[in-house]
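Below you'll find the structure, written out as structure tokens, and then a few comments.
Note: hydrogens, waters and symmetry copies are ignored here, and every other heavy atom, side chains too, is used. In listed order, ligands and their atoms are each counted from 1.
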Amino acid sequence: MRNISLIFKQFSRSVLLLAGLALLTTSVRAQDVAKGEALFKQKCTSCHKLDVRMTGPALGPLITSETDDKWLTHWIENNQALIKANDPKALKIYNEFNQAGMTVFSELTDADVANIIGYVRAEWKKEQSAPKTPAGGDAAAADNGPSTLVIWGLIGVIIIAFIVILVLNKVIASLERLVLARKDLPAEAVTEAVDEEAEKRKATIKKLLKNKKLVGFFVVCCVIAGGTWQWVTLWNTNVHTGYQPVQPIKYSHELHAGIMKIDCQYCHSGAYKSKNASIPSLNVCMNCHKTVKTESPEIHKIYDALGYDPATTKYDSTKARPIQWVRIHNLPDFAYFNHSQHVKVGKVKCQTCHGPIETMKEVYQYSPLTMKWCIQCHKRTDVDYKGNAYYDNMVQVHEKIKRGEKVTEASMGGLECGKCHY
Ligand code: HEC
Ligand code: HEC
Ligand code: HEC
Ligand code: HEC
Ligand code: HEC
Ligand code: HEC
């Protein structure tokens, strides 16, 4: 009566049920997150971002780490009420932001706020786990390799399936015991019958193990899972997207390049005329910091490194020592990359490759810098050859070749210093 087909019927039924339930819960949650996203974009993004401080604090880490949702809801709906009530937490953040004051959102219901919180947490989790990639459609679209989510999902489904099979087997075994006991058989007969059943089950398992197709299928599954894992690992080796080391001085691009709008060229002039963008010397900082923020301990690090004494405004070169900025972007030595070629000739914006630097308090590596990344952009980017002496020359050389005239390496730019020198 109870044979393998029955077990499998039960098994498939439970798997269907599980899948149905999972689908139901995720679709419900997705809807809420979507509502939260719409509200967040409509009401909050003018002052908040998830990852960086704007008028208000960066909400990703803040909302994710806040455990008191009731308080959060209260704050988001009416922060002024909390401040008036002298709530210590509210006063702390209020003063931290120089009493900037957040809008009161009395039109938001508790459910709306719950959706917003849900969205922020989900989105922040996603951002934390995903490598930082350029926006969609960008010429410099990054490579992610296969989606890890899908792989983990598959592994999860397989594990769940096995657990379900085990549990069902156990349940069936104990039900059998019950049925046999009910039949008023003597105790020995029951154990005998159960033993017999156990024997039968062992025989079936042996049969299954001998079934080459089944074993083959299992082995193939293992090989695919192992192979995929290895592929993903190898694929991401030496890719440092998101790398964000702590720098010796808390220099902020958000402040200098973003808020104060100092041009990149002011500090990284190399990027426009040479291979290297170069990090500015501290003397560049001194153009302003001789007089700006002279009391800040961070600025004193600049003074110490230069051997500068703010009291006497004299430099003592014997006390000077270089500041060791931690290098973030680094190609291997065998790959040649030239900034001026891209920035000046190709007119590629710094942000296409380095991301929104002007919003970064601390710089992180935005693009993967893999060969695939270089190649993809080269395949997708149109070259602007008009009014470019190099390409005009190429056209001339082309004409010469067509006319069968002599063409030297020199006529193709072979005398340019940069062709042979780094
Ligand atoms: C007009 C600008 C502005 C808007 C719009 C705004 N906020 Fe704020 N928010 C702030 C400021 C400024 C602070 C810092 C505290 C202060 O100064 O009042 C803050 C603080 C917060 C905090 C920190 C509370 C804590 O845990 O310490 C949360 C959470 C928050 N906002 C959520 C939101 C949400 C959600 C929205 C959209 C519904 C929103 N904010 C819209 C300006 C704004
Ligand atoms: C006031 C000077 C200054 C300005 C303006 C400036 N930077 Fe920087 N930049 C620095 C300093 C100093 C560092 C090294 C410390 C660090 O990484 O934060 C740096 C580091 C970087 C790095 C990381 C270098 C590495 O180690 O790989 C990039 C990329 C960068 N800047 C891009 C830009 C872009 C793009 C702009 C314009 C939007 C810009 N910078 C404007 C001073 C400046
Ligand atoms: C064009 C002028 C200018 C240049 C060049 C400049 N800064 Fe600044 N920097 C400022 C101003 C203005 C502030 C302070 C804004 C404020 O009041 O908070 C500041 C703030 C800072 C702070 C924060 C100090 C604190 O304690 O709040 C640090 C650190 C800093 N700069 C480092 C640097 C470094 C390193 C360089 C050189 C790579 C540099 N700055 C170049 C104008 C400049
Ligand atoms: C086409 C992509 C691309 C563009 C555009 C680009 N960079 Fe880079 N940047 C890189 C790569 C790749 C590296 C790593 C270079 C290496 O390791 O040799 C790098 C490195 C840097 C560094 C580290 C120091 C150095 O010279 O290697 C700085 C600073 C920098 N870039 C600033 C800039 C600035 C400022 C701009 C805009 C004027 C800019 N970059 C435009 C790709 C780019
Ligand atoms: C954002 C797009 C973009 C990315 C990313 C990019 N490049 Fe380029 N690259 C260009 C453009 C555009 C040109 C053509 C410039 C011109 O008009 O001469 C170019 C030209 C070059 C050239 C000169 C080719 C020739 O025919 O002389 C080299 C070499 C080069 N890139 C190397 C790299 C390397 C190495 C990387 C990756 C580390 C890279 N590029 C990433 C856009 C890109
Ligand atoms: C066809 C390749 C090529 C071109 C183009 C080229 N060089 Fe050179 N250069 C070399 C080689 C190879 C050496 C090293 C051999 C030597 O020292 O004699 C060198 C050596 C040098 C040196 C001596 C370095 C030292 O330490 O002794 C200087 C300076 C120099 N080149 C500058 C330039 C300048 C400036 C240009 C552009 C006008 C240029 N080169 C163009 C190939 C080239």
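- Among all non-hydrogen protein atoms, the one lying nearest atom 33 (C) of ligand 1 is M102 CE, 3.2 Å.
- Contacts between H342 and ligand 5 below 4.0 angstrom, taking non-hydrogen atoms only, involve the side chain exclusively.
- For L331, heavy-atom contacts with ligand 4 shorter than 4.0 Å involve the backbone as well as the side chain.
- Ligand 1 lies less than 4.0 angstrom from a heavy atom belonging to W71.
- Looking at P57 against ligand 1, only its side chain comes within 4.0 Å, counting heavy atoms.
- At a heavy-atom cutoff of 4.0 Å, ligand 5 is contacted by the side chain of Y391 but not by its backbone.
- Taking 2.8 Å as the threshold, H339 counts as a candidate ligand of atom 8 (Fe) of ligand 4, since one of its N, O or S atoms lies below it.
- Here S278 has backbone heavy atoms under 4.0 Å from ligand 4, and that is the only part of it that gets that close.
- The closest protein non-hydrogen atom to atom 28 (C) of ligand 1 is W75 NE1, 3.4 Å.
- Numbered from 1 in the order shown, with element, the atoms of ligand 5 that lie under 4.0 Å from a heavy atom of V383 read 17 (O).
- Which parts of ligand 5 touch Y336 is read off a 4.0 Å heavy-atom cut-off, strictly below it: atoms 35 (C).
- Some N or O of H48 is nearer than 3.5 Å to an N or O of ligand 1, by distance alone.
- Close approach to V348 involves these atoms of ligand 5, each under 4.0 Å from a residue heavy atom: 1 (C).
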